Amino acid sequence: MKTIILAALAALTLGADGASAQAPAYKVTPELEAAAKREGKLVYYTSIDLKVAEDLAKAFERRYPEIKVHVERNGAERQFSKIGQEYSSRIFNVDTVNSSDAAHFIFWKREGWLAPALPEEVQRLYPAGSFDPEGFHAPMRASTSVIAYNTNLVPAAEAPRSFRDLLDPKWRGKMVKAHPGYSGTILTATYQIGRDVGWDFLEKLAGQQVMQVQSSTEPPRKVIAGERPVMADGNEYVVFLEQARGAPIAAVYPTEGTPMIIGPSGVMKNARNPNAARLFHAWSFSLEAQQLAVDVGGMRSFHPGVKEPAGRKPLSEIKLMKDDPVAVEKEVEQIKARYLRFFKT
Amino acid sequence: MSTTGQGGVQRAGAGMDLSGPVLAASALFLAGLICLPIGWIAAFAFTDRAGAPTLGNFRLLLDDPTLFEPLMTTLGLSCSVAVFAALSATPLAWLVARTDMPGRRVARVLMTASFVTPPFLGAIAWEILAAPNSGVLNRLWRDLSGAEDALFDIYSFPGLVFVISCYTAPYVFVVLTNALDRIPADLEDAAGILGAPRWRIVVGITLPLALPALLAGTAVAFLQAMTLFGSPAILAIPAGFHTVTTKIYSLFQFPPKPQIAAAAALPLLLVTIALLWLQSRILGRRGYAVVGGKGAAPRLVRLGAWRWPVFVLVFAVLALPLFLPYMALLKAAISRLPAGPFDPANMTLAHFSFVFLEFSQTRHAFANTFVLALATATAGTLLALVVAYLVARRTDLSGRALEFLAMAPIAIPGVVLGVGLFLAYTRGPVVLYGTLWILFLAFLTIELPAAFQQLRASFRGLHPELEEASRILGAGRLETLWRITAPLLKSGVIAGWCLIFIGTVRELSAAVMLSSSTTKVLSVVIFDLNEGGNLGAIAVIGVAMLLLTFAVVGFANWITGAGGGPRPQPA
């Protein structure tokens, strides 16, 4: 498990220049816990699926009943705009943030909005290169964006195997996909698909009468409902969760490669509840929280102690595309403009 | 107005005539309420990113197809909805107001009830009903007919027109029934005596007399369709097209382009003003000179053998905005799969426990929504009351100026106001973004005209004699207002209050621009949930929201003992 994730991480430096100093990591001390309890609450902005986010928050509240977690869930790109708006109006509402678009952390770090907060457990156990050595962000979760189909409506033999298969006329009007202007997962995936499969593919896909939804959590739900038999993109973790519930959906890992999405977390410098934020941040990287994110959240984890549930395709067997937040951050406007031109929304 | 001076002399102090200062203060406040956001929009529309004056934003609006196409789409949408709403509401209104159709009172109440349904909730319900593959109605159609294709695709331009019409036709209906109620029977009788057949009376007399009201209602339907945000966001984006409102919203995505958004908002403002002007011209020339006279009570047309077929037809039409959507929402609230089969295996209470026990925004959003709705309704009614009083009792220019200011917000679409307030209050000196105040200002501005119209109508039915008697007996203007005028206005006041309350709860287009994470209201929460695909939670929150709205409106009517529920009287 460790080695695979390391391989996936080869490119994930998030713009940290190699020369930067190692930040001092922090431990969960009784003092931190006491200070956090005095604050009594924290505001957690995240782009993770709402139910999964609330599950994590409830698990933390069970561990620390004195601290209330206020979850604010939005698509990563919507969340990014919202934080930008709030900060330009000097509203410092968010304490700790998690985003499925790792490029956001490059921006926030550059703007000086993040506080260095490197949990000791991350420094000790997480693969080097996965987290910011200065401690401004670390990978709370990872997932992929996959193709998937409704197993009641599409026989396995006829299911698409590659992105290019989706251009077959037989899928015309039969696909759903999420939006890169809303979802960080999809923005990241769109960049990787444009780079590795080609923008001409996306242009042709736009001609296939694709139903356009917003969040990357929604296409699997549309597929299960039978609204469209195939999803062209969408996150893997909701597919896992729905499979566990017995829903008729199966993921396809395209032959061209599967977009890899890393979802880092960070603590805001202007957090109103800095101690509660740090406590939650550290807890979210613990084995307990990470195992929960994997089990009930369908995530992939960087924690070496996490056990993958049986039945999920191991990352080692998936040909992964490389996540490159630095490039995403540079090209975001161009990606969105192209997408708008092809897909009209 | 000779008594004014006397009152001031006789009872200096308590009875001092405050109407001058109050008028000035109200005018100033109203002017500020309107000019500030509009001023900011104008300022942004004509400047570039660096703040230099330019016309480039408008040139871009025309040159860039991703900006120009939404403008054309919105134009087509508004025209289609106006026609569709007028065509469907006119026969309904006539049947309900002028015939002996059975159940016409119930039909009237139900049509008004669909006014309470937020259009975005209706749009979501129609997704459950008529999504091309998973929609309940389309599945039923396939099962029954064996057809491959869907009967109706809600994610399409016609689908959007249909759903918006469902929730704008009630406006046309209400205005039209009010007018039809007031058309005296004399003219129709005269035509009848002269030997005109019944259909000629309807086509030749009744409808022409109701035409001004029909035009007014249709104009409102047009404006509604043009400015709605929720329904197109829910139905047009999946189909791959934008309207102006969804486009404006998307222009605030990172990196935000407020200048272009402001430029795109101006056409909405101009079209609204032009349409209202046109309407006042038409209404000014024709219309109420005849309608509203106290002639004989309207005579009902006997439908004879057609009574029951017509009854079935009317209630089938009412199923579209009401019965079907609410059934879909109720079913989604207790189903694992919203559009899944209706059997015990698909039933669950998970959505209720999620919404009320797990979802950390539920409590905040309910509290925010109801605090805002109560505050806006109360403040808005008071403001409308003061302004309507001044307007009714001042026939000079200052009165008319004040009337114009109170009605002006009707020309400002919610999304435009949202953009304006966002631009005004996200930067110094006064930063209101992130507080409930900015939402309060937005809702107050948006809802004021409806309450004002309601109260202006009430004042018109109130002769000044009663007040003058009170003034002669020595009471001051405010005391008279409080002791004589107010009690007589009670039902109008309650209706105005309820109108604002309902309007605030269902407002989305400005709220979506202006709410931050701590000031989210229910409409925005529902919108967010929809983007994540959480239909079950939406259904639970939506139904709870409607129940609470009905409870508050019912309570308001009950404690004040006023009989009449809200009677929307748009434009």
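Small disclaimer: the values here were computed from a predicted structure and weren't measured. In what follows, chains are A, B, ... by sequence order, proteins preceding strands, each numbered from 1.
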Out of B/Leu535, B/Ile234, B/Asp528, which one racks up the most heavy-atom pairs below 4.5 Å with chain A? B/Asp528
Would you mind telling me which of A/Lys222, A/His179, A/Lys82 has the largest number of heavy-atom pairs within less than 4.5 Å of chain B? A/Lys82
I'd like to verify something: which residue of A/Gln209, A/Arg78, A/Glu77 has the highest number of heavy-atom pairs under 4.5 Å with chain B? A/Arg78
Proximity breakdown for B/Leu432 and chain A, heavy-atom pairs closer than 4.5 Å: neither
Looking only at A/Arg90, A/Glu61, A/His70, A/Arg73, most heavy-atom pairs under 4.5 Å shared with chain B are made by A/His70
Considering only heavy atoms from C-beta outward, does the side chain of B/Leu67 approach that of B/His242 to under 4.5 Å? no
Highest number of heavy-atom pairs under 4.5 Å with chain A among B/Pro256, B/Ala537, B/Ser516 belongs to B/Ser516
Find the one option among A/Arg221, A/Gln85, A/Lys344 whose heavy-atom pairs under 4.5 Å with chain B are most numerous. A/Gln85
Which region of B/Leu529, side chain (C-beta onward) or backbone (N, CA, C, O), has a non-hydrogen atom less than 4.5 Å from a non-hydrogen atom of chain A, or is it both or neither? side chain
So with a 6.0 Å cut-off around NZ of A/Lys174, is the heavy-atom count from everything else above 12? no
Heavy-atom contact with chain B under 4.5 Å, split by part of A/Val94: neither
Part of B/Tyr433 lying under 4.5 Å from any heavy atom of chain A: both
Heavy-atom check, side chain of A/Tyr44 versus side chain of A/Asp95, under 4.5 Å: no
Count the heavy-atom pairs under 4.5 Å between each of B/Gly434, B/Ala236, B/Ser517 and chain A, then report the option with the highest count. B/Ser517
With a 4.5 angstrom heavy-atom cut-off, is it the side chain or the backbone of A/Phe107 that approaches chain B, or both, or neither? side chain
For the residue pair B/Tyr425 and B/Trp437, establish whether any side-chain heavy-atom pair is separated by less than 4.5 Å. no
Contacting moiety of A/Glu72, where chain B heavy atoms sit under 4.5 Å: both
Heavy-atom contact with chain A under 4.5 Å, split by part of B/Pro132: both
Side-chain touch B/Glu127/A/Glu227, heavy atoms, less than 4.5 angstrom: no
Chain A heavy atoms under 4.5 Å from B/Ser250: which part of the residue, side chain, backbone, both or neither? neither
If every non-hydrogen atom of B/Phe120 is compared with every non-hydrogen atom of B/Ser523, which pair is closest and at what distance? CZ-CB, 3.4 Å
Chain B contacts, top residue of A/Val43, A/Val213, A/Val210, A/Asn74 (heavy-atom pairs, under 4.5 Å): A/Asn74
Roughly how far apart are A/Phe60 CZ and A/Lys68 NZ, rounded to 0.5 Å? 11.5 Å
Select one option (side chain, backbone, both, neither) describing which atoms of B/Asn138 are under 4.5 Å from chain A's heavy atoms. neither
I want to check something: taking the side chain as every heavy atom from C-beta on, are B/Thr74 and B/Lys247 in contact at a cut-off of under 4.5 Å? no
Side chains of B/Phe152 and B/Leu137, heavy atoms from C-beta outward: is any pair under 4.5 Å? no
A/Trp199 atom CH2, neighbour heavy-atom count above 12 within 6.0 Å: yes
Less than 4.5 Å to any heavy atom of chain A: does that hold for the side chain of B/Phe359, its backbone, both, or neither? both
How many angstroms lie between atom CZ of B/Phe422 and atom CG of B/Leu514, to the nearest 0.5 angstrom? 8.0 Å
